[in-house]
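Numbers here are sequence positions counted from 1. All of these numbers come straight from a predicted model, not from anything done at the bench.
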Amino acid sequence: SSREITWNNAEEIAKVLQCHPVEIYQPQKILTLKYKCTWDGCVHFLNIEEQHPIEIPYEYYHENIKAIQMEAPGTPFDGEVWLFDIPKTKKFTKDCVGKVCYLTASEIFRKKNRNKMKSDKQECVPLVALLKATGKGKLDIVNSYNEEPINPLCMNLSFEDLEIASPVKVKYDPQLISHIYK
């Protein structure tokens, strides 16, 4: 005899628990939201008081997922959570080019630009931006709203200048997700 729950039984259980039947098989995962991205593409670590739990759709949750809340007033993205797969091994793939990605600078880039960043009082922060091919193997990191380079150091880059380049996996409104199954 099988001990698995049938879909019909899952629907009945879901009615009692006031959730979606899928939640009987795969419950939502909770993750602490620790990052936000401002309109300029810069990713910022949230103060401990600003961090809060959010639900991640079960089909996207795994240990290497990075959740970033978009802070872009006046745009449809404001308040959305964007999820990125942060791979353990190959950090950069051709799938990233032409897409909005989570991007971090490589040690090679940091060494090449250390003096320039010091003189301009800039720091290397992760970005959520469009990775745009410019030809001859070069890339620009541009603001996805206006397609302007994030800053002059984000122009004429090579693949080796990037440590992580991971395209956005899914975008969703965390307030809606918590109400979908209710």
Side-chain angles (χ1 to χ4, degrees), residues 31-52 54 56-57 60-174:
L31 182 77
T32 300
L33 183 67
K34 296 181 180 180
Y35 303 95
K36 72 176 177 182
C37 178
T38 49
W39 65 270
D40 59 0
C42 295
V43 175
H44 305 277
F45 190 75
L46 294 170
N47 296 327
I48 196 78
E49 312 82 52
E50 296 177 294
Q51 294 179 18
H52 59 278
I54 58 169
I56 302 291
Y60 298 111
Y61 183 84
H62 60 80
E63 67 181 36
N64 295 326
I65 201 80
K66 183 173 282 287
I68 300 174
Q69 188 160 38
M70 304 309 287
E71 187 178 275
T75 72
F77 308 118
D78 191 43
E80 281 187 346
V81 171
W82 292 10
L83 300 178
F84 301 88
D85 278 331
I86 307 301
K88 287 184 177 180
T89 54
K90 192 173 184 182
K91 306 277 186 173
F92 187 96
T93 66
K94 62 183 175 192
D95 298 352
C96 301
V97 179
K99 295 183 181 162
V100 174
C101 298
Y102 174 79
L103 303 159
T104 61
S106 68
E107 193 56 38
I108 293 168
F109 175 87
R110 291 172 193 269
K111 285 179 182 176
K112 278 195 302 193
N113 294 290
R114 186 168 283 134
N115 292 335
K116 174 88 172 118
M117 289 188 314
K118 277 185 184 177
S119 69
D120 292 349
K121 296 181 179 161
Q122 290 181 324
E123 64 177 299
C124 235
V125 299
L127 300 170
V128 172
L130 177 63
L131 190 58
K132 191 173 180 181
T134 60
K136 297 185 181 178
K138 296 297 180 181
L139 304 161
D140 284 352
I141 299 174
V142 300
N143 186 305
S144 59
Y145 301 115
N146 60 19
E147 294 203 24
E148 295 293 321
I150 299 291
N151 65 50
L153 291 177
C154 290
M155 297 170 57
N156 206 31
L157 302 172
S158 65
F159 294 103
E160 68 181 12
D161 290 322
L162 298 168
E163 175 67 23
I164 296 173
S166 178
V168 67
K169 183 174 184 127
V170 68
K171 305 172 186 180
Y172 71 97
D173 184 334

Lys116 atom NZ: more than 12 heavy-atom contacts under 6.0 Å: no
CG on Leu127 to OG on Ser144, rounded to 0.5 Å: 11.0 Å
His44-Thr38 side chain donor-acceptor pair, cut-off 3.5 Å: yes
Sidechain-backbone polar pair: Gln69 side chain, Gly79 backbone, donor-acceptor under 3.5 Å: yes
Step-by-step salt bridge (charged side-chain N to carboxylate O under 4.0 Å, His left out) determination, Lys118 to Glu123: CA-CA 8 Å; Lys118 277 185 184 177; Glu123 64 177 299; over 6 Å; no
Side-chain donor/acceptor of Glu71 to backbone N/O of Cys37, under 3.5 Å: no
Sidechain-backbone polar pair: Thr32 side chain, His52 backbone, donor-acceptor under 3.5 Å: no
Side chain Asp40, main chain Cys42, donor-acceptor under 3.5 Å: yes
Positive for side chain to side chain contact (heavy atoms under 4.5 Å, CB included) with Tyr35, one of Ile68, Val128, Val81: Ile68
Short side-chain to backbone donor-acceptor contact, Asp161 and Leu157, under 3.5 Å: no
Validation row: Pro167, Phe84 side chains within 4.5 angstrom (heavy atoms): no
Least distance between heavy atoms, Ile86 atom then Ile164 atom: CG2-CD1, 3.9 Å
Whether Phe77 and Trp82 hold their rings parallel, tilted or perpendicular, with breakpoints at 30° and 60°: perpendicular
Heavy-atom neighbours of Lys34 NZ exceed 12 at 6.0 Å: no
Check against salt bridge (charged side-chain N to carboxylate O under 4.0 Å, His left out), Arg110 and Glu163: CA-CA 10 Å; Arg110 291 172 193 269; Glu163 175 67 23; over 6 Å; no
Asp173 side chain vs Glu80 backbone, donor-acceptor pair below 3.5 Å: no
Side chain to side chain donor-acceptor pair (under 3.5 Å) against Lys169, all qualifying residues, sequence neighbours excluded: Asp85
Heavy-atom donor-acceptor pair, Asn47 side chain to Glu50 backbone, under 3.5 Å: no
Minimum side-chain heavy-atom gap Leu139-Lys132 below 4.5 Å: no
